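The structure under discussion appears below in the form of structure tokens.
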Amino acid sequence: MFNFRNVGFVSLLMAAFFAISTSGYAAMNNGSLIQVPGSPSIYYLINGYAAHIPSVRVLECLRLKGKKIENISNDELNKLPKTAFLVKGSGNNIYRIDGESKRLVPNMQVFRRLGFNNNEIIHISDDMLNCIPKGPNLN
């Protein structure tokens, strides 16, 4: 026979299991900033990839300075696949961010040869894109 008094306990137990099994990942969504405590490196999450933000200037241009940074363990960071920091404004051009500059990926052949995929591209406003100085094209 079903005992209604145990429903609250079972729900609490299931909630606790879910919280434990997803700890460290619950707050990590697209656009989250993550960092291992004590490390200067900050990463931006995009579709399950971690893209290293290479400079404070880029952080400022993307209007991410002051955004909450989630702390994760080094083990958790190592489990995330890393990607180049790829951005795209409203046009067709795709850029890889290197240091404080953006570098044009001139065509899809170069894009594929460098091992990039469309899931790694971060769509940003043209104002943000124009804030980042242009560097030499990738080849």
Side-chain angles (χ1 to χ4, degrees):
M1 176 173 248
F2 186 75
N3 184 344
F4 285 95
R5 284 182 284 163
N6 291 333
V7 172
F9 176 73
V10 170
S11 297
L12 183 63
L13 190 60
M14 288 176 66
F17 173 75
F18 180 75
I20 291 168
S21 66
T22 60
S23 67
Y25 295 100
M28 294 180 8
N29 299 311
N30 273 346
S32 290
L33 296 179
I34 59 173
Q35 181 178 38
V36 174
S39 169
S41 298
I42 299 173
Y43 294 84
Y44 182 92
L45 290 181
I46 177 72
N47 295 324
Y49 294 92
H52 178 251
I53 300 173
S55 70
V56 172
R57 179 174 184 141
V58 170
L59 195 69
E60 290 170 344
C61 285
L62 298 179
R63 299 183 187 126
L64 297 172
K65 191 169 183 181
K67 183 176 177 181
K68 184 176 191 261
I69 299 173
E70 302 292 333
N71 288 325
I72 65 169
S73 71
N74 199 45
D75 288 340
E76 288 173 315
L77 179 63
N78 288 335
K79 290 177 187 174
L80 292 169
K82 307 304 180 286
T83 184
F85 205 98
L86 301 174
V87 295
K88 181 178 191 219
S90 64
N92 292 326
N93 290 339
I94 300 168
Y95 299 89
R96 183 178 78 189
I97 304 300
D98 279 337
E100 294 191 356
S101 65
K102 63 186 177 206
R103 299 182 64 191
L104 176 68
V105 180
N107 56 53
M108 290 310 288
Q109 290 80 14
V110 172
F111 183 84
R112 285 187 211 96
R113 184 175 47 77
L114 293 173
F116 302 149
N117 76 57
N118 289 328
N119 292 332
E120 301 169 325
I121 299 170
I122 301 166
H123 294 268
I124 61 175
S125 73
D126 290 338
D127 286 342
M128 291 177 189
L129 186 62
N130 293 333
C131 176
I132 303 167
K134 188 169 173 140
N137 290 357
L138 295 174
N139 50 34

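As the structure is a prediction and not an experimental result, all values here were calculated from the model.
- Panel note: side chain N107, backbone V110; a donor-acceptor pair is recorded below 3.5 Å.
- Within the structure, no pair that satisfies the disulfide (SG to SG under 2.5 Å) test touches residues 73-123, not counting sequence neighbours.
- Nearest heavy atom pair, residue N29 against residue L45, reads O-CB, 3.7 Å.
- Under the rule for a side chain to side chain donor-acceptor pair (under 3.5 Å), the partners of Y49 that lie at least two apart in sequence or sit in another chain are N117.
- The ring-ring contact (aromatic ring centres under 6.0 Å, His included) test applied to F116 returns F111, not counting sequence neighbours.
- Among residues two or more places apart in sequence or in another chain, the side chain to side chain donor-acceptor pair (under 3.5 Å) test is passed with N78 by none.
- Atoms CE and CZ, on M128 and R63 in that order, are 4.5 Å from each other to the nearest 0.5 Å.
- When the side chain to side chain donor-acceptor pair (under 3.5 Å) test is applied to R57, no partner is found at least two apart in sequence or on another chain.
- Residues S55 and G99 share a closest heavy-atom pair of OG-O, 3.2 Å.
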Practice prompt. Would you check, one step at a time, whether the test side-chain contact (heavy atoms from CB on, under 4.5 Å) holds for I46 with I121?
Written response: CA-CA 8 Å; I46 177 72; I121 299 170; over 6 Å; no
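- Remark: K67 engages no residue in a side chain to side chain donor-acceptor pair (under 3.5 Å) (not counting sequence neighbours).
- Counting only residues at least two apart or on different chains, no ring pair (Phe, Tyr, Trp, His ring centres under 6.0 Å) pair has a member in residues 88-108.
- Note that CG of L104 and CG of N93 are 5.0 Å apart. Values are rounded to the nearest 0.5 Å.
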Run the side-chain donor-acceptor check on residues 81-91: report pairs under 3.5 Å with partners two or more places apart or on a different chain.
| unit_1 | atom_1 | unit_2 | atom_2 | d |
| --- | --- | --- | --- | --- |
| K82 | NZ | L77 | O | 2.6 |
| K82 | NZ | L80 | O | 2.8 |
| T83 | OG1 | E120 | OE1 | 3.4 |
| T83 | OG1 | E120 | OE2 | 3.1 |
| S90 | OG | D126 | OD1 | 3.2 |
| S90 | OG | D126 | OD2 | 2.6 |

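- We find the CZ-CD1 distance between R103 and I94 to be 15.0 Å, quoted to the nearest 0.5 Å.
- Contacts of Y43 classified as ring-ring contact (aromatic ring centres under 6.0 Å, His included), with partners at least two apart in sequence or in another chain: H52.
- Across all non-hydrogen atoms, the minimal contact from P37 to I72 is CD-O, 3.3 Å.
- Proximity of P54 to D98: side-chain heavy atoms (C-beta onward) are nowhere separated by under 4.5 Å.
- For residues 81-124, the set of pairs meeting the disulfide (SG to SG under 2.5 Å) definition, not counting sequence neighbours, is empty.
- Note: I124 CD1 to L129 CG = 4.5 Å, rounded to the nearest 0.5 Å.
- Taken together through direct or relayed side-chain contacts under 4.5 Å among Ile, Leu, Val, Met, Phe, Trp and Tyr, I69 and V56 form parts of separate hydrophobic clusters.
- Residues in residues 44-139 take part in these disulfide (SG to SG under 2.5 Å) pairs, two or more places apart or across chains: C61-C131.
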Which atom pairs, one a donor and one an acceptor, fall under 3.5 Å between side chains of residues 132-139 and the rest of the protein, sequence neighbours left out?
none

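- A distance of 10.5 Å separates CD in E70 from CD in E76, rounded to the nearest 0.5 Å.
- Between the side chain of E60 and the backbone N or O of L64 there is no donor-acceptor pair closer than 3.5 Å.
- Atom CG of residue N47 and atom CD1 of residue I122 lie 9.0 Å apart, to the nearest 0.5 angstrom.
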